[in-house]
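What follows is one structure encoded as structure tokens, with my remarks underneath.
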Amino acid sequence: MAVYVVLLGPPGAGKGTQAEILSEKLGLAHVSSGDLFRENIKNQTELGKLAKGFMDRGDLVPDDVTIAMVRERLSRPDCAKGALLDGYPRTPAQAAALSQMLNNLGGKVDVVPYIRVDEEELVRRLSGRWTCRAEGHIYHEVFNPPKQTGVCDVDGSELYQREDDKRETVQRRIHVYLDQTAPLIDYYRKEGSLVEVDGAQNIEAVTQDLLAAMPAVAGGAKA
Ligand code: ADP
Ligand code: AMP
């Protein structure tokens, strides 16, 4: 049976970083709505053109196009064993649509790790984040530097600072998160799928806590 994990937490909490590590360990697809939008922008698709304005301002892309994009992604063959969702859902409507999609695929949201990090630390993390052009691998100039400045360890591509990691946009994104996404914490808590993890620790410790917090999923992990 396919397994679906939703990583919840504010921008900069470490969802992408942990999803990269856990998708490898658990053999699940990494589905990042932000990465999908950035890929569409890079390829200059209609969806990319539409999403760019919202993303540059730090606002959410409208639910209808976001839901359709993720539905298509989850139907691809690499999601047959399940997926780690990173950055989706971000609104109650997206959460309801996800339940429906997974129901149609014969699955459900199995576990929702909520990665808690305070606002001051989020700003520190996002202002030092460097992202790889080719595949979105994530670094931090102090907390997780690449071996060679400006170059991705994994694929050798150029690292860049995201336009929406500017201080003013970061403040806007945190505001949008508190307003539109934070209510999902209670939504999943009531459903019984929420597990809380202290995201203020180093990357390895957060990974260990995430694995410990979802024993049923981690039990199927590759060695
Ligand atoms: P999100 O996907 O939740 O927005 P990222 O995974 O992109 O967050 O992480 C944001 C920044 O913080 C990146 O620069 C990343 O390298 C760094 N980072 C992630 N986890 C940690 C951690 N536990 N400690 C310190 N820095 C971290
Ligand atoms: P992220 O890579 O998760 O930090 O997302 C970057 C930006 O992409 C967000 O600030 C939004 O503009 C957009 N985005 C990503 N995921 C979603 C989503 N689930 N719903 C709406 N907008 C999203």
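Not measured: the values here are computed from a predicted model. Ligands are counted one by one from 1 in listed order, and the atoms in each one are counted from 1 as well.
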Region of Q201 engaging ligand 1 - heavy atom pairs below 4.0 Å |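 The answer is the backbone.
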Determine whether the side chain, the backbone, both or neither of P10 has a heavy atom under 4.0 Å from any heavy atom of ligand 1.
->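 For P10, the contact with ligand 1 is made by the backbone alone.
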Heavy-atom count around E168 CD within 6.0 Å, excluding the residue itself: above 12?
->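 Correct, the count exceeds 12.
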[atom] - nearest protein heavy atom and its distance:
atom                    : result
atom 8 (O) of ligand 2  : M55 CE, 3.3 Å
atom 18 (C) of ligand 2 : R90 CD, 3.4 Å
atom 12 (O) of ligand 2 : D59 O, 2.6 Å

Out of [options], indicate the one that has the non-hydrogen atom closest to [atom].
atom                    : options                : value
atom 14 (O) of ligand 1 : F143, Y139, W130       : Y139
atom 5 (P) of ligand 1  : E121, E141, R124, R129 : R129
atom 21 (C) of ligand 1 : V206, I203, N202       : I203

Any R57 heavy atom less than 4.0 Å to ligand 2 =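 Contact absent.
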So is G9 close enough to ligand 1, meaning a heavy atom under 4.0 angstrom away?
->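 No; G9 lies far enough from ligand 1 that no heavy-atom distance drops under 4.0 Å.
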For residues T91 and D63, is any side-chain donor paired with an opposing acceptor at under 3.5 Å?
->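 Result is yes, a qualifying pair exists.
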With a 3.5 Å cut-off and no angle check, do the side chains of D155 and S157 form a donor-acceptor pair?
->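 Per modelled atom types, D155 and S157 side chains form a pair under 3.5 Å.
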Numbering the atoms of ligand 1 from 1, which are under 4.0 Å from a heavy atom of P11?
->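 The atoms of ligand 1 under 4.0 Å from a heavy atom of P11 are 4 (O).
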Ligand 2 versus R38, non-hydrogen atoms closer than 4.0 Å: side chain, backbone, both, neither?
->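 The answer is the side chain.
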Using a 4.0 Å heavy-atom cut-off, say whether R172 meets ligand 2 through its side chain, its backbone, both or neither.
->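 The answer is neither.
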For R129, is at least one N or O under 3.5 Å away from an N or O on ligand 2?
->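 Not met; the criterion fails.
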Answer yes or no: is there a donor N or O on one side and an acceptor on the other, between the side chain of T169 and the main chain of D165, under 3.5 Å?
->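 Answer holds: no.
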Run the numbers for me: atoms of ligand 2, each under 4.0 Å from some heavy atom of T66, listed by number.
->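 Within the 4.0 Å cut-off of T66, ligand 2 contributes 18 (C), 19 (N), 20 (N), 21 (C).
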